[in-house]
Number of protein chains: 2
Amino acid sequence: MRVTRDFLRGRGRDAMSEADKDILERAVDRIDTLPARTIVTRRGDRLRNSTLLLEGAMCRYMDARDGFRQLVALQVPGDFVDLHGYPLHRLDHDVGTLTEARVAVVPHAAIDSIVADHPQLARILWRSTLLDAALHREWIFRIGRLDAAGRIAHFLLETYHRLKATGRGGNGTFELALIQQDLGEACGLTSVHVNRTLRRLREEKLVEAVRGTVTILDESGLARVGEFDPDYLYLEEGPWQAAAA
Amino acid sequence: MRVTRDFLRGRGRDAMSEADKDILERAVDRIDTLPARTIVTRRGDRLRNSTLLLEGAMCRYMDARDGFRQLVALQVPGDFVDLHGYPLHRLDHDVGTLTEARVAVVPHAAIDSIVADHPQLARILWRSTLLDAALHREWIFRIGRLDAAGRIAHFLLETYHRLKATGRGGNGTFELALIQQDLGEACGLTSVHVNRTLRRLREEKLVEAVRGTVTILDESGLARVGEFDPDYLYLEEGPWQAAAA
DNA sequence: CGGAGCGTTGAAGAGCATCAACTGGAGTGG
DNA sequence: CCACTCCAGTTGATGCTCTTCAACGCTCCG
C-alpha cells in the first residue's frame, strides 16, 4: 500500500495520474515516528525536508508574549504539513505534534526534481499548499466574525469534513486529539470559555465532545451556528452534494 | 519600464533572472483600470486569468450572515492578487477594489507555459502565493491573540512595511485607502471601536491616521503594542536589519 | 443648500476573560 | 491496595473589553 495514499484524498487526488503517484511515492526518503506533544520545527528554522503526515495529529502555531499560543492550522493525515517550507526556505511559525505521529519525510531535493521534470505533479503540489491557504482564510473569518459558539461549531465541522475525506470518521463521529485548551488556542478563546460553550452546544443537542471523541448530533443546526459551508475545503463529491442531487 | 516591476519587489525579486522577468512581462495580456469600491470576482467564480495589482488598493473578503464582511487580505501594488486561483480554479472568497486600481491581466494559459517550461520561475510564482499564506497566518494570530490596540498597531505596521518594500511610503508615513469601517473589517472590530482605539493610539503618541494618511510616530512603541516582528513578510534587507548591522 | 458619507462621542449592556476552587480519572509510589 | 499527584474538565463570581444603539459634527459634492 502506498505511503502517500491519503495525500489529497477526497480533495482532488484523482487529478494525479498513476505515474504521478509513483513519483511522489518515490520522493519519500523515510518514515519517522514523532512522540506526542513535541515541537518538530521552530520559527526561523531552515528546512531541507518537508513532512507528509501519515497518522496522528499535528499543528502549526505562533506564540504570543503572554505565553499563550495561537494555532494557525490543524494537520490531519494526508496533509503535507510544511510543504510551504519548500518555496519559502524558512518557517514563520512553529510546528508540533498533538498526538504521536507517523510521518513521511520528503527531501526538498526530490521536490526540485519534480518541479523540473513533472510540471503536472508540481502544479498539484502547489495546489495542495493553496488548499492550506484557503483554510487559513476561513480561520480568519471564523475568529474575526463569529462568536464563541460559532467558532467552535465551525472548527468542529471543518475538522469533521477533513477527516471524513480521508476515511476517518463519518456518520457524525470522529476522534479529535485536542484538549479544551487546544480548542481555545485554535479559536481565540480561553479554555474556560470553551468549556462553557461546549456545554451550551451539548445542551442545545448540536454536538457532544467527550474524551477525544466528537459526536455531531445536528449537523445542519451546527452549520447554522457556525455559518459553515464546506466549499472552501475543495472536497470532491460529498454527502451534502449527493443529498442535493 | 516593466509593468511587473513591483512583483516581489523587496521580497525576493532578486531571485528572478532577467530572462524570468522578461517571461513574466510577456505573460501579461492587457492592462485594465478598475473603479474604486467594486467587486472584481465573486466566491465560486471560475478563473481563466489572474490579476497583478499595479497601482491602487484591493482586498479579499468573506461575507458573514449579519451583513458584515471579514477582510482576509489587503493587496498592495506588486501583489499577484488572485494567483492562487490558478491552481485552485475557483475562488473561495470575493475580491474587490478599495481605490481605483490599475491591474495587469495574466491568462492562466500563459502560466501553464511557465510551469511547463520554466520551473525556476514557476517556483517563484509558487513562492509568491505562499507569502500570501504567511500573511494569512499572521492575520489569524493578530485577530486571535491581540486586543484592539494590538490588532490595529500590527495591521498598520504590516501595511507600512509592505508598502515601503515597493517604494511607497517610508519615513514613517504612508497612504492608506481604508476608512475606519474597513479597518474594523480587517481586524475583527466595529468601526466605533476602531475610532476609539485610534484615538488612544494617537493620545499615546504612537500613530496618527487622518484622511487616508498614516503617520507612525513611535515605531518601536507600536511594535510592542502589536507584538510585531516583520520576519513573516520575508523582506529583503530592511532598516531593522540595517540598524542591527 | 441639502444630503450622504465618514468620523466622533456617549450610554448601556453582552460576551468573554480572569481568578479561584473543586471534581474525577489516570498514573505512581509507598 | 490506598494515598498522592497531576492533568483535564467543570463551575462560580467578578470585571473589563468590546458591541450596540443613538446622536451629532464635519466635509464634500450635487
Side-chain angles (χ1 to χ4, degrees), chain A residues 35-38 57 64-70 98-99 142-156 175-204 207-215 225-226, chain B residues 35-38 57 64-70 98-99 142-156 175-204 207-215 225-226:
Chain A
R37 300 272 162 189
T38 51
R65 202 171 25 220
D66 58 13
F68 286 91
R69 62 180 189 176
Q70 173 67 48
L98 292 168
T99 63
R142 175 194 299 154
I143 300 178
R145 282 273 91 88
L146 301 182
D147 64 8
R151 291 183 207 174
I152 291 177
H154 190 287
F155 177 81
L156 292 178
E175 301 301 311
L176 186 63
L178 273 64
I179 62 176
Q180 293 182 357
Q181 176 74 31
D182 300 328
L183 212 59
E185 287 170 351
C187 295
L189 299 167
T190 60
S191 64
V192 173
H193 203 63
V194 166
N195 184 288
R196 293 188 221 275
T197 307
L198 280 176
R199 173 156 58 97
R200 232 196 70 201
L201 292 174
R202 192 186 329 122
E203 285 167 0
E204 292 175 358
V207 65
E208 258 174 7
V210 271
R211 269 171 293 119
T213 301
V214 178
T215 309
V225 170
Chain B
R37 300 273 162 187
T38 52
R65 203 171 25 223
D66 58 14
F68 287 90
R69 62 179 189 176
Q70 174 67 47
L98 292 167
T99 63
R142 175 195 298 156
I143 300 178
R145 282 273 92 88
L146 301 182
D147 64 8
R151 291 183 208 175
I152 291 177
H154 189 288
F155 177 81
L156 292 179
E175 300 301 311
L176 186 64
L178 273 64
I179 62 176
Q180 293 182 357
Q181 176 73 32
D182 300 328
L183 243 151
E185 286 170 352
C187 295
L189 299 167
T190 59
S191 63
V192 173
H193 202 61
V194 167
N195 184 288
R196 293 189 222 274
T197 307
L198 280 176
R199 174 155 58 99
R200 231 196 71 201
L201 292 174
R202 193 186 328 121
E203 285 167 1
E204 292 174 358
V207 65
E208 258 174 6
V210 272
R211 268 171 294 117
T213 300
V214 177
T215 309
V225 170

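Here the structure is a predicted model, which means the values were calculated and not measured. We name chains A, B, ... by the order of the sequence lines, and we start the count at 1 in each one. Atom set for the values below is all heavy atoms of this structure, side chains included, hydrogens, waters and symmetry mates excluded.
- Taking B/R202 as the reference, nothing meets the salt bridge (charged side-chain N to carboxylate O under 4.0 Å, His left out) condition, with sequence neighbours excluded.
- Applying the salt bridge (charged side-chain N to carboxylate O under 4.0 Å, His left out) definition to pairs two or more places apart or across chains, those involving residues 142-156 of chain A are A/R142-A/E158.
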Pairwise N/O distances under 3.5 Å, protein to nucleotides 6-9 of chain D:
unit_1, atom_1, unit_2, atom_2, d
D/dG9, OP2, A/Q180, N, 2.7

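- Side-chain contact check for A/I152 versus A/L189: some heavy-atom pair is nearer than 4.5 Å.
- Scored by the side chain to side chain donor-acceptor pair (under 3.5 Å) test, A/T99 finds no partners at all (sequence neighbours excluded).
- A straight line from CD of A/E185 to C1' of C/dA17 spans 15 Å, rounded to a whole angstrom.
- Residues B/I143 and A/G144 approach most closely at CG2-CA, 3.7 Å, considering heavy atoms.
- Here A/Q70 pairs with nothing under the side chain to side chain donor-acceptor pair (under 3.5 Å) rule; sequence neighbours left out.
- Shown here are the salt bridge (charged side-chain N to carboxylate O under 4.0 Å, His left out) partners of A/R199, two or more places apart in sequence or in another chain: A/E203.
- Taking the side chain to side chain donor-acceptor pair (under 3.5 Å) definition, one finds that B/T215 meets it with nothing, sequence neighbours left out.
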Please tabulate the protein-to-nucleotide N/O contacts below 3.5 Å involving nucleotides 21-28 of chain C, giving atom names and distances.
none

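- In this view, A/R200 and A/E204 satisfy the salt bridge (charged side-chain N to carboxylate O under 4.0 Å, His left out) rule, not counting sequence neighbours.
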Each nucleotide N or O in nucleotides 14-19 of chain D that has a protein N or O under 3.5 Å away: list the pair and distance.
unit_1, atom_1, unit_2, atom_2, d
D/dC18, OP1, B/A148, N, 2.8
D/dC18, OP2, B/H193, NE2, 3.1
D/dC18, O5', B/H193, NE2, 3.3
D/dT19, OP1, B/T190, N, 3.3
D/dT19, OP2, B/T190, N, 3.3
D/dT19, OP2, B/T190, OG1, 3.0

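- Distance B/L198 CG to C/dG7 C1': 10 Å, rounded to the nearest Å.
- Considering only heavy atoms from C-beta on, A/L183 comes within 4.5 Å of A/L198 through its side chain.
- Rounded to 10 degrees, the angle between the two end axes of the helix from C/dC1-D/dG30 to C/dG30-D/dC1 is 30°, with five pairs used at each end.
- Applying the salt bridge (charged side-chain N to carboxylate O under 4.0 Å, His left out) criterion to B/R211, with sequence neighbours excluded, gives no partner residue.
- For the atom pair B/E185 CD and B/I179 CD1, the distance stands at 7.5 Å (nearest 0.5 Å).
- A/T190 places none of its side-chain heavy atoms less than 4.5 Å from the side chain of A/Q180.
- Rounded to whole Å, atom P of C/dC16 lies 14 Å from atom CZ of A/R199.
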